[in-house]
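Working notes, beginning with the structure itself.
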Amino acid sequence: MESNAIRLSELKVGAIINTSSGGCDLESEGKLLNILKRAGIVEPKTWCGAADQMERSLAEATGQKLEVLIVLGGDGTIRRAAEACTKEGPYLVPLPGGTMNVLPRALYGNVSWEDTLKNTFAAPSAKVLSGGRVRDKQFFVAAIVGAPSLWAEARESIREGDIVDAIEKGRVAFQTMFERKVQYLISEEIKGEAEALALICPLISEEMSDSEQALEAAVVDVENAAEVIGLATAAALGKWRDDRNILLTKTKRVSVQSSKDIPAILDGERVNLGRSAEIDFVSKTVNVIVPAR
């Protein structure tokens, strides 16, 4: 990623706020506007509404030819906004307004959206992110492909307080791991089948620099419940790279297929890839604004 200082007070700024994302509400618009005013932003445009209004809000925002787009919402809202900002689109400022906040945390750390916005507008710097693409969808942090992505449904049930539903969904996801393997082909050379693949972007990879032109592929292959528990323990201790059930390599392309539809999570959002898909590295995806360091 390349970074450059930028003068936001000279640019046309807009903001989209998803009031039903869980991390913000109807009062968030006023708080956001106050922060922008103190940062010297003149007459920013805002779109504030529930999740079912986000598609229209994003279309209207992109039609305004903004130079900076602030998005306060969950992972799905932010990923779709990032897709709309790719190539020659506006600079993106993704604020954590959801549960996982995958891209905001990768860029800014685990801080509130108010502090993220204040810190970013106090000393703004532009960065170009690389990422990945599968069909018409992009991701900028990581993609998890395969049955383990079904655990996201159990996580949502826990967040909503429905423990019985969480247990049932967790049981189904665990059982599915051993019934629905994914066949993979990495860089036309490495092939096999596994429970899951993780495609990690340079933004968060521990082994790659920001400028490296590849995705890091982690192939997860376990045979029984004991190995799943062992892998989970290793991950909790920060030693997952050393686990014998994980194959790590770098690649620009991964092909996957299965006898059933392949579930996946792209930057925290659940998607269905169908029975086959190709995942490609993209060298330049979206321009973001972060605090200068």
Side-chain angles (χ1 to χ4, degrees), residues 1-6 75 78-79 81-83 85-89 91-94 100-110 120 124-146 149 182 184-192 194 196-221 234-235 238-256 264-269 271 273 277-293:
M1 294 184 296
E2 300 178 356
S3 61
N4 298 282
I6 187 172
D75 291 309
I78 286 175
R79 194 185 63 77
E83 288 179 336
C85 291
T86 54
K87 297 181 180 179
E88 303 302 321
Y91 292 107
L92 177 68
V93 182
M100 297 178 67
N101 302 310
V102 172
L103 182 55
R105 285 186 179 181
L107 291 172
Y108 309 115
N110 189 18
T120 301
S125 178
K127 288 184 178 291
V128 182
L129 298 185
S130 59
R133 177 188 293 117
V134 52
R135 292 201 181 92
D136 60 341
K137 300 181 183 298
Q138 294 199 34
F139 58 96
F140 313 91
V141 179
I144 300 174
V145 180
S149 65
V182 175
Y184 61 86
L185 175 62
I186 301 175
S187 301
E188 303 297 330
E189 297 176 352
I190 304 172
K191 63 181 179 179
L197 291 88
L199 287 309
I200 304 166
C201 299
L203 177 63
I204 65 164
S205 173
E206 298 174 4
E207 298 297 318
M208 296 192 297
S209 66
D210 289 345
S211 61
E212 191 148 2
Q213 299 295 292
L215 297 169
E216 186 177 20
V219 180
V220 181
D221 188 21
K239 300 178 180 179
W240 65 271
R241 290 177 176 276
D242 300 326
D243 192 279
R244 66 182 181 85
N245 295 303
I246 293 181
L247 166 68
L248 290 167
T249 188
K250 299 175 184 178
T251 183
K252 289 182 179 292
R253 167 169 284 192
V254 176
S255 299
V256 294
I265 294 178
L266 306 182
D267 288 355
E269 183 186 21
V271 299
L273 302 184
E278 291 185 343
I279 305 167
D280 294 299
F281 171 75
V282 182
S283 61
K284 295 181 179 180
T285 58
V286 62
N287 297 306
V288 298
I289 299 178
V290 299
R293 296 181 177 88

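Along the sequence shown, the residues carry numbers beginning at 1.
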Restricting to non-hydrogen atoms, name the atom on [X] and the atom on [Y] that form the minimum distance, rounded to 0.1 Å.
{"X": "Ile289", "Y": "Pro124", "answer": "CG2-CB, 3.7 Å"}
{"X": "Ala106", "Y": "Ile204", "answer": "CB-CG2, 3.6 Å"}
{"X": "Ala214", "Y": "Pro202", "answer": "O-CG, 3.4 Å"}
{"X": "Ile6", "Y": "Ala126", "answer": "CG2-N, 4.4 Å"}
{"X": "Ser130", "Y": "Ser283", "answer": "CB-O, 3.2 Å"}
{"X": "Gly132", "Y": "Cys201", "answer": "N-SG, 4.2 Å"}

Under the salt bridge (Lys or Arg N to Asp or Glu O under 4.0 Å) test, which residues partner [X], sequence neighbours left out?
{"X": "Glu216", "answer": "Arg241"}
{"X": "Lys250", "answer": "Glu212"}
{"X": "Arg253", "answer": "Glu278, Asp280"}

Using the test side-chain contact (heavy atoms from CB on, under 4.5 Å), find all partners of [X] that sit at least two apart in sequence or belong to another chain.
{"X": "Val102", "result": "Asp75, Met100, Val141, Asp267"}
{"X": "Val219", "result": "Tyr184, Ile186, Ala194, Leu197, Leu247"}
{"X": "Lys252", "result": "Gln213, Phe281"}

**Request:** Could you list the residues that satisfy side-chain hydrogen bond (donor to acceptor under 3.5 Å, both in side chains) with Glu83, not counting sequence neighbours?
**Result:**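 Partners of Glu83 by the side-chain hydrogen bond (donor to acceptor under 3.5 Å, both in side chains) criterion, ordered by chain and then number, come out as Arg79.
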**Asked** Which residues pass the side-chain hydrogen bond (donor to acceptor under 3.5 Å, both in side chains) test with Thr249, sequence neighbours left out?
**Response** none
How many angstroms lie between [atom1] in [X] and [atom2] in [Y], if you round to the nearest 0.5 Å?
{"X": "Met208", "Y": "Ile200", "atom1": "CE", "atom2": "CD1", "result": "7.5 Å"}
{"X": "Thr251", "Y": "Leu185", "atom1": "OG1", "atom2": "CG", "result": "8.5 Å"}
{"X": "Arg133", "Y": "Thr86", "atom1": "CZ", "atom2": "OG1", "result": "7.5 Å"}
{"X": "Leu266", "Y": "Leu199", "atom1": "CG", "atom2": "CG", "result": "9.5 Å"}
{"X": "Lys191", "Y": "Ser255", "atom1": "NZ", "atom2": "OG", "result": "12.0 Å"}

Is [Y] close to [X] at the side-chain level, that is, under 4.5 Å between some pair of heavy atoms?
{"X": "Leu203", "Y": "Leu107", "answer": "yes"}
{"X": "Leu215", "Y": "Phe139", "answer": "yes"}
{"X": "Thr120", "Y": "Tyr108", "answer": "yes"}

